[in-house]
Amino acid sequence: MKAFAPRSLDEAMVRLTEDPDLRLLAGCTDLMVGEPEDRLGLPGVLDLRGLSELRRIEWHDDALEIGAVTPFSQIRDSPEVQKSFPALAEAASKIGGWQIQNRASLGGNMANASPAGDSLPVLLVLEAQVVLVGPEGTRTVPYREFHLGYRQTALGPGEIIGWVRLPKPPENAMQFFRKVGAREAQAISKVVVALLADVSDGRVSEYRLAAGSVAEVPLRLTEVEKAMVGRAAKAEIANLAGHLAAQAVRPIDDVRSTAEYRRFALEQVVRRMTLQLVRRVPE
Amino acid sequence: MTLLGSSPPRPDGAAKVGGTLRFGDDLPKEGLWYGATLRSPNPHARIRGLRWNPERAPKGAVCIIADDLPGPNGVQLLDDEWPVLAEGIVRHVGEPVAVVAAATMLAARQALGAIEVDYEPLEPTLDLSAAANQESLYTLELRSGQVEQELERAHLLVEGTYHTGYQEHIYIECQVMSAWWEADDKLVVEGSMQCPYFVHRSLIHVFGLPAERSVVKATPMGGGFGGKEDFPSVIALHAALLAKACDHPVRIAYDRHEDIIGTTKRHPSVVTHRAGVDAEGRLQAMEIEVVLDGGAYRTLSPVVLSRAVLHAAGPYRCPNVHIRGRVLRTHTPPNGAFRGFGAPQVQFAMERQMDRIGRCLGLDPLEIRLRNVLEEGDKLPTGQVMDESCSARLCLEKAARETDFQERWQHLEAKRRAPIDGESMQGVGLSLYFHGAGFTGNGERVLQSVVEAALLEDGRIEVRTAAVEMGQGCDTVLPMMAAEASGLRPEDVVLAPPDTSRVPDSGPSVASRTSMVVGSEVAHVVTEIRDRILDWWSNSQESGAAHTVEDGVVRRGNGESWPFRELARRYCETEDPLVVSRQHEPPEWQVFDEETYQGVAYPTYAFGADVVEVVVDPDTLEVRPRKVTAVCEVGRVLHERLCVGQVEGGTLQALGWGLMEEVKLEAGHYLNDRLATYIIPTIKDSPEMEVHLLERPWKGGAFGAKGVGELPMDGGAPAAVSAVENATGIEIDTIPATPERLLALTSAHRQVPSGPQDPKRGRRPGG
Ligand SMILES: Cc1cc2nc3c(=O)[nH]c(=O)nc-3n(C[C@H](O)[C@H](O)[C@H](O)COP(=O)(O)OP(=O)(O)OC[C@H]3O[C@@H](n4cnc5c(N)ncnc54)[C@H](O)[C@@H]3O)c2cc1C
């Protein structure tokens, strides 16, 4: 099997152009769990971990850029992320366990495009932009338009995920993240919820809600968002938010949970987050 | 000597922690080939055609099907009903239909594609309700007193039906076995197993070999939990068949996925209780029906059922008991041995039933148990009278005292009735349990276990047993027991590797029997060697004065002393080799009637009581155990740290079984067949554990030790579920108590009764 570990993005692009069948790898935490044939039968691999452009957390203009191969442990521990994007820091701390967080990357989570990827609802509510690097240069797509379907992304041939740009969130907005898994660590989410919301002048002024594991792809729950914005910030709206969220999704029965439970847990979690919002109690 | 009860480091510890120990799949072997298994995709089907197309397989690959077997197509356990390879009919998904070998693992997997099977699907029986009106795999019955009459007369009748699910062992090291044939048609098999002589028996049965031409070696094990009691015989046969066919050593190493779909699990159970109690809550009569799902083949199910029936009434006093047990056959993978061996299932049911009786009478879980707890002089349903080593009350009272149980339970009951939105729900639960030590009934007598000791030239004593170190610590404890008995040091004793060409059949490493049965014999044979050497030494000196031995040093009254090893070395120089062996004899009063199920089923019992504290998320119903207080009375603590480790590990395994571990099946297929979907507790899910070890030695040997391996598996699940009930008010009679199940029960309005029930009305039958 061929294996390359390029030192620069240009070198990576040259390799990929020459050999489009090369499989990209970062932390390998998704790649290594398949059947032996999937691992051992690969034509070749291109290891992205040596690319410094893809392994960084830094402000650029008004957005925080996070390189695609940055492992979740670094995201979890980053003061920048903790300060401006606490929901992402929280998500990073809930992925797998410590060992997985040391290897698993944000880009891998995105490329894997599972409905249960824990960082994905957070990227949705943060309105992340994805920078894709290809042989022709870079292009930027909103994360919402990146994750197209079950394990399907907008990644073109020869392209890699370079980094994401997280626009500075509205001043004072609150962020929430909640993962519901079968145990305290190493659990793929039964339901995962992210909310970015704000209250001003006694009314909900911003309400961005997303959930994973409740449909083929992580969803922005726009019906709930529309119903919430402009409402008086009273405890009663929490029940409505939960109720609408439960109606907006299409969960299934599978090996991890039941549709009934997923709907229930989503409803309860959205209700709780909304209560905390209106009471201005940080989580 | 104060060796026993201390915690010296384990000899295998550093290599295990440092990662240098070689397990079965790490051992190099020249010319090794790999085996792979073709499994049935159908739960029940006729095999109309089975064809091996070598031209489509990697070069040299070989294939074995049932027709190629040199002898009977049966794994030899209690009988040989379990086929080595399916013959004519497949009876469960994952059943081995053919095995292949090739030079690499991938080539072997590829070779599976060269086998064509034509199946004609047959109607499968997939669950217990469908199996109920078919012939049972095995049945048992146990009766004492006048059950029907006393149920009629009772003040209150309480009924309940309790369900427990599968459990997968998840030993860290998956099943692995290597086999090769040496000159003179000698078969050698080496791999991960709890019972080298079980494997040996199957090999000579199928290959028709004389005993000495089959050699079985147990490699260091990465866990067993019972999962390597029955199944290693299957995979050993596969490897040996392939090795013969391809003339290479062959290794079969299951990955996790194959290990889950291919190997045995804990029997799911349905236990139905009808109990009559008097106005004070004292048990007057119990009728209990135990149904186990045996899966497709009998394997060890009859003995699992036996232990289940014998533990079904729990550590309680009840004069009139009728217990019926059945193992039903379904078209699902066969279930087998798993830590606890039927006792956890029935004691889950009994403990839930006790809580239910308590609630019906307005009594808390402690009070209802105190009124019924088994004590010295009381009789079990088998007629066995409890001797002074019965410690159920001791455990119960200690657990309650350490946790302020009664007060805490009442407090949380009140708290539940006045909930505050968003505040987590807390609960506390209690269980009382016991576990019969050693093999059931006349098992130990039938086994005729033999242990040997031999003097080595360097003056150490080699102990020869078939006991296998699987993490439980027998390599640490057996030398300690020998040292305690003989005055030698543990390092004066070496253990021979569990290899059937080097050690006698001291029985399987199961049933919490290794320390208690094998250990007491080890103590004897080592002491006997010591005595022979001391005699020789006394005789060779003119004065025959008595010697004392302490810490490996022999002393005479006049102050002279010699290291024992020095004397032993001198003995070897002049005398013939010294080997002693001894066969285990159970106490003569241990007599059990297999027909009537009356008599002494176990020479003694270990007891335990658990208090579990849980927190339940008010939004998602996620259950987190926060603290377990486990009080275990084990007769005698041999090695404190290891003993506590057994309790902690077994308790966590029980919590996993009770709260999260769930094998899901669809049309006979396991759906969660990997570690990502079969959920066991991680270290982060482990609650704080406070373990109290108590000692009420029994008189039969082993310094009073009763066996601790399985005991803690019995108590965790019912106590945890009882705590969830205390926290949420949801009445739970099925495990695992996952949030999904709790939600479904809430939707069905299954709530605990709010106060005492009217006499005679009792509870809804069938639950
Ligand atoms: C034990 C365990 C627990 C886990 N727990 C969780 C969890 O709690 N939550 C969760 O969301 N996930 C979990 N996962 C899944 C996995 O860890 C994540 O999806 C992780 O983010 C994948 O990142 P990686 O760097 O390891 O990807 P890799 O395995 O290296 O790659 C995954 C896929 O992405 C592609 N890829 C990687 N980087 C790029 C890139 N820059 N551009 C384009 N394509 C790329 C690869 O070609 C491959 O197809 C778990 C996995 C394991 C093994």
Side-chain angles (χ1 to χ4, degrees), chain A residues 1 29-30 32-41 93-94 96-100 114 116 178-193 235 238-239 242 251 253-276 279 281 283, chain B residues 34 36 104-110 112-113 253 255-258 421-424 617-626 655-656 659-666 669-687 736 738-744 746-748:
Chain A
M1 192 200 291
T29 60
D30 277 318
M32 288 303 289
V33 292
E35 297 293 327
E37 283 78 3
D38 301 340
R39 299 193 288 270
L40 303 172
S93 77
K94 291 283 151 64
W98 284 355
Q99 297 90 334
I100 292 295
S114 146
R178 175 71 196 266
K179 168 174 178 166
V180 182
R183 59 184 165 197
E184 302 250 9
Q186 308 291 24
I188 303 299
S189 291
K190 295 173 179 176
V191 171
V192 48
V193 186
N239 284 344
D253 283 339
D254 69 6
V255 65
R256 293 206 167 84
S257 189
T258 60
E260 183 198 12
Y261 179 76
R262 288 185 157 113
R263 218 182 272 284
F264 163 81
L266 176 68
E267 174 165 356
Q268 298 299 316
V269 167
V270 169
R271 174 178 172 272
R272 181 70 52 206
M273 286 176 172
T274 309
L275 273 178
Q276 282 167 343
R279 292 185 187 140
V281 192
E283 210 177 17
Chain B
Y34 290 85
T104 68
M105 199 248 286
L106 276 189
R109 288 169 66 104
Q110 231 179 317
L112 295 176
D255 64 10
R256 183 64 65 185
H257 171 61
E258 189 166 25
D421 182 34
E423 206 165 89
S424 62
D617 187 295
D619 292 327
T620 60
L621 299 174
E622 291 165 284
V623 177
R624 308 290 188 219
R626 283 290 173 248
L655 293 178
L659 297 176
M660 54 171 71
E661 298 187 32
E662 183 166 33
V663 172
K664 298 173 188 170
L665 279 131
E666 193 177 275
H669 290 256
Y670 292 140
L671 295 181
N672 41 352
D673 51 5
R674 41 200 77 224
L675 284 180
T677 49
Y678 183 76
I679 301 294
I680 66 168
T682 68
I683 189 67
K684 286 190 104 183
D685 301 282
S686 307
T738 58
E740 285 79 3
R741 180 158 283 132
L742 297 180
L743 176 64
T746 308
S747 312

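These numbers were taken from a predicted model, which means no experiment stands behind them. Letters A, B, ... mirror the listed sequences (proteins, then strands); counts begin at 1. As a basis for the values below, the full set of heavy atoms in this structure was taken, side chains included, without hydrogen atoms, waters or symmetry mates.
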Next item on the list: Give the minimum heavy-atom separation between T682(B) and A185(A), together with the two atoms involved.
Entry: CG2-O, 3.9 Å

Notebook entry, point to check: When only pairs under 4.5 Å are counted, which of M105(B), E666(B), E622(B) shares the most heavy-atom pairs with chain A?
Noted result: E622(B)

Next item on the list: Write down the atom of P36(A), the atom of R109(B), and the distance for their closest heavy-atom approach.
Entry: CD-NH2, 3.5 Å

Check: Closest approach of E260(A) and S747(B), non-hydrogen atoms and distance?
Finding: OE2-OG, 3.2 Å

Notebook entry, point to check: What part of R262(A) is in contact with chain B, defined as an atom under 4.5 angstrom from a non-hydrogen atom: side chain, backbone, both or neither?
Noted result: neither

Next item on the list: Heavy atoms only: give me the nearest L743(B)-Y261(A) pair and the separation to one decimal.
Entry: CD2-CA, 3.5 Å

Checklist line | Winner by heavy-atom pair count (cut-off under 4.5 Å) against chain A, out of L621(B), T738(B), D685(B) | finding: D685(B)

Item checked: Residue, of T677(B), V623(B), D421(B), D617(B), that accumulates the most heavy atom pairs under 4.5 Å with chain A -> D421(B)

Margin query: Can you tell me how far apart CG (N672(B)) and CZ (R256(A)) are? Round to the nearest 0.5 Å.
Written below: 9.5 Å

Notebook entry, point to check: With side chains defined as the heavy atoms from C-beta onward, is the minimum distance between T620(B) and R178(A) less than 4.5 Å?
Noted result: yes

Margin query: Tell me the closest heavy-atom pair linking K664(B) and D254(A), and the distance in Å.
Written below: NZ-O, 4.3 Å

Note to self: Give me the atom names and distance for the closest heavy-atom approach of L675(B) to R183(A).
What the structure shows: O-NH2, 3.6 Å

Check: Atom CZ of F264(A) and atom CG of L742(B): how far apart are they, to the nearest 0.5 Å?
Finding: 9.5 Å

Next item on the list: Report the distance from atom CD of Q186(A) to atom NZ of K684(B), rounding to the nearest 0.5 Å.
Entry: 9.5 Å

Notebook entry, point to check: Taking only residues two or more places apart in sequence, or in another chain, which ones meet R256(B) in a side chain to side chain donor-acceptor pair (under 3.5 Å)?
Noted result: none

Next item on the list: Apply side chain to side chain contact (heavy atoms under 4.5 Å, CB included) to A259(A) and list each qualifying residue two or more places apart in sequence or on a separate chain.
Entry: P251(A), D253(A)

